[in-house]
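Report on the following structure.
Treat the numbers as computed from the prediction; the structure is a model and nothing was measured. The figures here come from the full heavy-atom set of this structure, side chains too, leaving out hydrogens, waters and symmetry mates.
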Amino acid sequence: QRLTVDEFGVKRQALGVVANVLQAFQADPRPSTAGWAASLVYEHGAVAPLVALLDVHDADVLRVALHASGGVLAAGEQLARSSRGGVCSNPFTLPFAEAFGVEKL
């Protein structure tokens, strides 16, 4: 929710929280752990606001937003590879694309 407010300082802090959650779980070698963190980001509606920050003209914010976006997509790839008959493709590419993430990259 905090990523959608108008105040830039709040968005910056919220981005830091999202990035820290993703980074903490990416360190765990189990694909389900990173996928869980990315699912948490997705379920809380943070993918579109995260992608929106790819338009910001602040190098630090842009770096963190790129890293966090990459973390979400990488976790989705891990989920797709590790699932046995369940998820067959990255579940986060569609929300990323719907938020115009591909165009912004």
Side-chain angles (χ1 to χ4, degrees):
Q1 290 176 349
R2 298 290 181 184
L3 284 173
T4 60
V5 298
D6 289 333
E7 190 175 328
F8 183 70
V10 174
K11 285 183 182 182
R12 185 182 203 133
Q13 292 297 319
L15 174 62
V17 170
V18 169
N20 286 339
V21 166
L22 290 168
Q23 184 175 6
F25 286 103
Q26 284 175 341
D28 191 320
R30 295 173 294 182
S32 61
T33 305
W36 177 81
S39 294
L40 188 65
V41 169
Y42 169 73
E43 289 169 9
H44 282 84
V47 173
L50 178 63
V51 169
L53 288 172
L54 295 174
D55 283 336
V56 172
H57 298 291
D58 180 305
D60 291 333
V61 170
L62 185 57
R63 179 184 50 79
V64 175
L66 282 168
H67 190 265
S69 296
V72 168
L73 294 172
E77 284 299 312
Q78 286 182 343
L79 279 175
R81 281 193 305 267
S82 69
S83 92
R84 295 184 177 96
V87 178
C88 58
S89 64
N90 188 329
F92 307 120
T93 54
L94 183 60
F96 188 81
E98 288 175 342
F100 302 102
V102 176
E103 293 84 354
K104 292 180 183 192
L105 291 178

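The side chain to side chain contact (heavy atoms under 4.5 Å, CB included) test applied to A19 returns V64, A68, not counting sequence neighbours.
The CG atom of L50 sits 8.0 Å away from the CG atom of L22 when rounded to the nearest 0.5 Å. Interatomic distance, F8 CZ to L15 CG, rounded to the nearest 0.5 Å: 8.5 Å. We find the CD-CG distance between Q78 and N90 to be 10.0 Å, quoted to the nearest 0.5 Å.
For residues 89-105, the pairs satisfying salt bridge (charged side-chain N to carboxylate O under 4.0 Å, His left out) are D55-K104, with sequence neighbours left out. The stretch residues 57-73 participates, sequence neighbours left out, in these side-chain hydrogen bond (donor to acceptor under 3.5 Å, both in side chains) pairs: R12-D58.
L105 and F100 fall into different hydrophobic clusters, where Ile, Leu, Val, Met, Phe, Trp and Tyr are joined by side-chain heavy atoms under 4.5 Å apart, directly or via other members. Clustering ILVMFWY residues whenever any of their side-chain heavy atoms sit less than 4.5 angstrom apart, transitively, puts L94 in a cluster other than the one holding Y42.
The two residues V102 and F96 make their nearest non-hydrogen contact at N-CE2, 3.7 Å. Residues F92 and V72 share a closest heavy-atom pair of CD1-O, 3.4 Å. The two atoms that bring P91 and G76 nearest to each other are CD-O, 3.7 Å, heavy atoms only. Of all heavy-atom pairs between L54 and L62, the closest is O-CD1, 3.5 Å.
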